[in-house]
Asks: 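The structure under discussion is supplied below as structure tokens; questions concerning it will follow.
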Amino acid sequence: MKKYECKVCGYIYDPAIGDPDNGVAAGTAFENLPKDWVCPLCGVAIEEFEEAK
């Protein structure tokens with residue numbers, strides 16, 4: 001599964017880890033995140049992420 005980076009703050013969403021502090025289980029692909037999920041560091045919308053290089 002691909003990692004995605006927040007274009008605003010640089011946070012990397014790693015599907016192997018998920019976002020357990022915000023109810024996203026490990027193994028959750030970026031494409032399967034809830035549409036209202038936001039960056040846990042800076043709070044921007046999912047649309048502000050791009051595939052990590």
Side-chain angles (χ1 to χ4, degrees):
M1 288 186 275
K2 298 174 185 170
K3 296 178 183 179
Y4 284 79
E5 181 176 2
C6 177
K7 296 185 282 185
V8 175
C9 74
Y11 170 81
I12 302 288
Y13 175 76
D14 183 347
I17 298 169
D19 183 12
D21 292 340
N22 293 295
V24 178
T28 303
F30 186 81
E31 296 80 10
N32 295 331
L33 288 171
K35 296 302 174 200
D36 62 349
W37 182 82
V38 296
C39 178
L41 293 185
C42 71
V44 297
I46 200 168
E47 292 81 19
E48 296 298 323
F49 280 73
E50 63 187 5
E51 190 174 329
K53 297 177 176 79

Asks: So which residues get pulled into Val44's cluster when ILVMFWY side chains under 4.5 Å apart are joined, directly or through others?
Replies: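 Val8, all in the cluster of Val44.
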Asks: Supply the members, apart from Val38, of the Ile/Leu/Val/Met/Phe/Trp/Tyr cluster built from side-chain contacts under 4.5 Å; use none for a lone residue.
Replies: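 Val38 shares its hydrophobic cluster with no other residue.
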Asks: Can you pull out every salt bridge (Lys or Arg N to Asp or Glu O under 4.0 Å) where at least one residue sits in residues 8-17? Sequence neighbours excluded, please.
Replies: Lys3-Asp14
Asks: If you group Ile, Leu, Val, Met, Phe, Trp and Tyr whenever their side-chain heavy atoms sit less than 4.5 Å apart, what else falls in with Met1?
Replies: none
Asks: Are Ile17 and Ile12 grouped together when hydrophobic residues (ILVMFWY) are joined by side-chain heavy atoms under 4.5 angstrom apart?
Replies: no
Asks: Checking Tyr4 now: which residues fulfil ring-ring contact (aromatic ring centres under 6.0 Å, His included) with it, not counting sequence neighbours?
Replies: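 With sequence neighbours excluded, Tyr4 shows a ring-ring contact (aromatic ring centres under 6.0 Å, His included) to Phe30, given in chain and number order.
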Asks: Can you find a heavy atom in the side chain of Tyr11 that is under 4.5 Å from one in the side chain of Cys42?
Replies: no
Asks: Below 4.5 Å, heavy atoms only, C-beta onward: do Tyr13 and Ile46 meet side chain to side chain?
Replies: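 Result no, sub-4.5 Å side-chain heavy-atom pair not found.
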Asks: Step through the shown structure and confirm whether more than 12 heavy atoms of other residues, nucleotides or ligands are within 6.0 Å of NZ on Lys2.
Replies: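 Counting other residues, nucleotides and ligands, NZ of Lys2 stays at 12 neighbours or fewer.
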Asks: How would you list all residue pairs meeting side-chain hydrogen bond (donor to acceptor under 3.5 Å, both in side chains) that involve residues 36-53, not counting sequence neighbours?
Replies: Asp19-Trp37
Asks: If I compare all heavy atoms of Ala16 with all of Ala26, which pair ends up nearest, and what's the gap?
Replies: O-CB, 3.3 Å
